[in-house]
Amino acid sequence: MVEKFGRKEWVEALGKSRMDSGPKILPISDVDDESVLNVINSLCEILNISLTQLTDMFGKYWVNVYSQRMYSAYYKGAKTAKDFILKMDSVHVAMTKGTPGAQPPRFEYEWKDDKTLIMKYISHRNLIDLMVGLIKGVG
């Protein structure tokens with residue numbers, strides 16, 4: 001997001017959501033939902049964009065740039081977007097095994113027909129908009 005919108009806006013959003021004074025967030029950190037939602041809402045307000053626009057941009061960046069650098073091993077064996085999406089439940093479980101208190105979303109899959117997959121998002125967290133943006137990023 002910094003590359004697309006600028007460091008000033010990112011710093012402003014962190015300040016507005018009170019994330020600027022907390023500990024450094026690492027890729028293995030389990031960040032609480034309220035903090036994530038506060039940053040998202042602050043970014044939407046500062047950038048004057050909708051939640052859908054922000055989560056779509058985030059999903060595209062996360063899947064195609066960030067995760068390619070940080071989590072490239074999880075892409076191995078997935079030749080198509082379908083293969084990758086079908087791995088997501090096991091990837092979330094594997095990635096968070098060493099993160100105390102992590103509660104990643106879980107997924108169940110049901111094939112309605114040869115071309116229609118129903119992916120069920122199972123989580124007490126209210127981050128479904130991020131999941132939709134990530135799925136679009138995979139596409």
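Computed from a prediction, not measured in an experiment: that's the story for all the values here.
Between Tyr71 and Tyr66, the ring planes lie perpendicular to each other; the angle is over 60°, past the 30° to 60° tilted range.
Note that CD of Gln53 and CG of Leu47 are 10.0 Å apart. Values are rounded to the nearest 0.5 Å. Atom CE of Met95 is separated from atom OG of Ser90 by 11.5 Å, given to the nearest 0.5 angstrom. In this structure, the separation between CG on Leu134 and CG on Leu127 is 10.0 Å, given to the nearest 0.5 Å.
For the side-chain hydrogen bond (donor to acceptor under 3.5 Å, both in side chains) test with Gln103, the passing option among His92, His124, Arg125 is His124; the others fail. For the side chain to side chain contact (heavy atoms under 4.5 Å, CB included) test with Met119, the passing option among Met131, Glu110, Glu108 is Met131; the others fail. If you run side chain to side chain contact (heavy atoms under 4.5 Å, CB included) between Leu130 and each of Leu54, Thr55, Ile135, only Thr55 comes through.
Cluster membership check: Val93 does not share its hydrophobic cluster with Val91, using side-chain heavy-atom separations under 4.5 Å among Ile, Leu, Val, Met, Phe, Trp and Tyr. The same ILVMFWY cluster, assembled from side-chain heavy atoms under 4.5 Å apart, contains both Trp111 and Met88.
In this structure, Ser72 contributes its side chain and Arg69 its backbone to no donor-acceptor pair below 3.5 Å.
Within the 4.5 Å cutoff, no side-chain heavy atoms of Phe107 are placed close to those of Leu86.
Looking at every heavy atom in both residues, Asp113 comes nearest to Lys115 through OD1-N, 2.8 Å. The minimum heavy-atom distance between Tyr109 and Ile85, with the atom names listed, is OH-O, 2.8 Å. Smallest separation of non-hydrogen atoms from Lys87 and Lys76: NZ-O, 2.8 Å. Residues Gly137 and Asn64 share a closest heavy-atom pair of O-ND2, 3.3 Å. In this structure, Gln68 and Val63 approach most closely via the heavy-atom pair NE2-O, 3.2 Å. The shortest non-hydrogen separation linking Gly133 to Asp56 is CA-OD1, 3.9 Å.
Other residues, nucleotides and ligands contribute only 12 or fewer heavy atoms inside 6.0 Å of the NZ atom of Lys60.
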* Mind running side-chain contact (heavy atoms from CB on, under 4.5 Å) on Thr52 and Lys136 for me, showing each step along the way? => CA-CA 11 Å; Thr52 300; Lys136 289 178 180 178; 4.1 Å; yes
* To do: Could you go through the side-chain contact (heavy atoms from CB on, under 4.5 Å) check for Leu43 and Val39 one step at a time?
  => CA-CA 6 Å; Leu43 282 168; Val39 171; 3.9 Å; yes
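The closest side-chain donor-acceptor pair between Ser67 and Tyr75 falls under 3.5 angstrom.
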